[in-house]
Amino acid sequence: MRRAILLTVTAMLLGGVAGAQEAAAPSTEAPAVDPAAGLAAWQDVYAVFSHPRCANCHVEDDHPRWSGAHYGETRIHAFNVMRGADGSGFGNPGLRCTTCHFDSNSNVLHGPPGAPGWHLAPVEMVWFGKSSPEICAQIKDPGRNGGRTISEVAEHVRDDALVGWGWAPGPGREPAPRSAEETFAALERWNAAGAPCPAE
Ligand code: HEC
Ligand code: HEC
């Protein structure tokens, strides 16, 4: 009698495990490395990074850009604003970014936007005018991303004040697509899928 119960319990347990496996199999969760899912996740990341709200500060030369929603309308920042002779990105002495940009946005249309520590990204982190494969390769290169792992890049996107500004850019400016949290998640999905880059 006891033995029969034991067998029944064992069978139920085994059945339970098998059932769980069956239930897991058709789930939509991506396998450990899925290049197609990785490329789709990268597309979501690229849509954000290449958006003017982000790319206008990630330039190769000495000039921040300003623009409407599209590169076509983008111009070099007025007032002869420069990166700064010291390369810091905070501007030249006498015309620092913080002369006009404060810790929060001006509420006036065409007034200077603001976030704590407003300055240009270092030249090696250039996205402005770069293609998707170029930005992709550079984002996972610690020599060009501030010495970060991909997870650390994702955390920077989720937590940094200048990045966060891209989704709350003040009156008259189109925000970057989606949100900081969703871009963080897309970077994590891309990383989990082996961080593939598109061919073109
Ligand atoms: C006001 C200028 C400014 C804006 C706007 C800006 N960034 Fe940056 N970004 C910087 C600076 C400065 C750094 C360098 C900070 C560091 O390395 O600690 C940086 C670094 C980064 C990095 C880490 C380095 C790398 O290349 O991986 C990421 C990721 C990033 N920014 C994402 C974004 C995203 C996404 C947006 C838009 C939603 C954005 N940034 C908007 C100034 C800006
Ligand atoms: C003399 C004042 C002044 C200085 C100095 C200045 N800015 Fe600006 N900046 C502005 C104003 C005003 C705007 C808003 C323009 C508009 O919306 O029409 C602006 C807008 C921007 C934008 C938003 C562009 C967009 O379309 O999203 C960025 C990025 C920017 N500035 C970066 C910088 C950086 C980096 C520095 C320092 C190297 C700097 N600015 C120095 C006045 C200034």
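Every value quoted in this text rests on a predicted model; they were computed, and no experiment measured them. Numbering of ligands and ligand atoms starts at 1, following listing order.
Contact atoms of ligand 2 toward N56: 24 (C), 25 (C), 26 (O), 27 (O) (distance under 4.0 Å to a heavy atom of the residue). Each of the following atoms of ligand 2 lies closer than 4.0 Å to a heavy atom of V81: 4 (C), 5 (C), 6 (C), 36 (C), 37 (C), 38 (C), 39 (C), 41 (C). Close contacts between ligand 1 and V157 involve ligand atoms 29 (C) [criterion: under 4.0 Å to a heavy atom]. The I139 neighbourhood of ligand 1 comprises atoms 26 (O), 27 (O), with distances under 4.0 Å to a heavy atom of that residue. Residue W118 approaches ligand 1 through these ligand atoms, each under 4.0 Å from one of its heavy atoms: 1 (C). For ligand 2, the atoms closer than 4.0 angstrom to any heavy atom of C57 are 29 (C). The contact set between ligand 2 and L95, taken as ligand atoms under 4.0 Å from a residue heavy atom, comprises 5 (C). For ligand 2, the atoms sitting less than 4.0 Å from at least one non-hydrogen atom of G89 are 38 (C), numbered in the order shown with element in parentheses. Of all atoms in ligand 2, numbered sequentially from 1 with element shown, those under 4.0 Å from a heavy atom of R96 are 5 (C).
Not a single heavy atom of P169 lies less than 4.0 angstrom from ligand 2. For the pair T183 and ligand 1, no heavy-atom separation below 4.0 Å is found. A heavy-atom separation below 4.0 Å is not found between Q138 and ligand 1. Under the 4.0 angstrom criterion for non-hydrogen atoms, C54 is in contact with ligand 1.
Coordination check, H58 versus atom 8 (Fe) of ligand 1: passed, since an N/O/S atom of the residue sits under 2.8 Å. Atom 8 (Fe) of ligand 2 has an N, O or S atom of H77 under 2.8 Å away, backbone or side chain. Here C100 does not reach atom 8 (Fe) of ligand 2: none of its N/O/S atoms is less than 2.8 Å from the metal.
Ring pair W66/F79 is perpendicular by interplanar angle, where above 60° counts as perpendicular and below 30° as parallel.
Nearest heavy atoms, P116 versus L162: O-CD2, 3.7 Å. Across every non-hydrogen atom of G38 and W190, the tightest pair is O-CD1, 3.3 Å. Between L109 and G172, the shortest heavy-atom contact is CD1-CA, 3.6 Å. Taking all atoms of both residues into account, the shortest heavy-atom contact from P198 to S132 is CG-OG, 3.4 Å. Of all the heavy atoms in F49 and L187, the pair that sits closest is CZ-CD1, 4.3 Å. For the residue pair L39 and C197, the shortest heavy atom distance occurs at CD2-C, 3.7 Å.
With a 4.5 Å cut-off on side-chain heavy atoms, W165 and R53 count as touching.
Looking only at protein heavy atoms, the nearest one to atom 12 (C) of ligand 1 is H119 NE2, 3.2 Å. For atom 11 (C) of ligand 1, the closest heavy atom belonging to the protein is A121 CA, 3.5 Å. Given atom 24 (C) of ligand 1, the protein heavy atom at minimum distance is M125 SD, 3.3 Å.
Here atom 16 (C) of ligand 1 lies nearest to R148 when heavy atoms of R148, R53, H101, K140 are compared. Looking at F49, W127, F184, W167, it is W127 that brings a heavy atom closest to atom 32 (C) of ligand 1. Remark: among candidates G164, P122, A115, the nearest residue to atom 14 (C) of ligand 1 is P122, based on non-hydrogen atoms. Here the shortest heavy-atom distance to atom 38 (C) of ligand 2, taken over P52, C97, G91, A55, belongs to C97. When E152, E155, H156 are ranked by how near their heavy atoms come to atom 21 (C) of ligand 1, first place goes to H156.
Remark: ligand 2 and W66 share no N or O pair separated by less than 3.5 Å (distance only, no angle test). Residue-to-ligand polar distances keep W165 apart from ligand 2: every N/O pair is separated by 3.5 Å or more.
Only backbone heavy atoms of R65 (N, CA, C or O) come within less than 4.0 Å of ligand 2; its side chain stays farther off. At a heavy-atom cutoff of 4.0 Å, ligand 2 is contacted by the backbone of M82 but not by its side chain. By the criterion of a heavy-atom distance under 4.0 Å, the side chain of P113, and not its backbone, is placed next to ligand 2. Contact annotation: for L120 versus ligand 2, heavy atoms closer than 4.0 Å belong to both the backbone and the side chain.
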Give the C-alpha distance, both sets of side-chain angles, the deciding distance and a yes or no for side chain to side chain contact (heavy atoms under 4.5 Å, CB included) between I139 and Y46.
CA-CA 10 Å; I139 282 300; Y46 173 69; over 6 Å; no

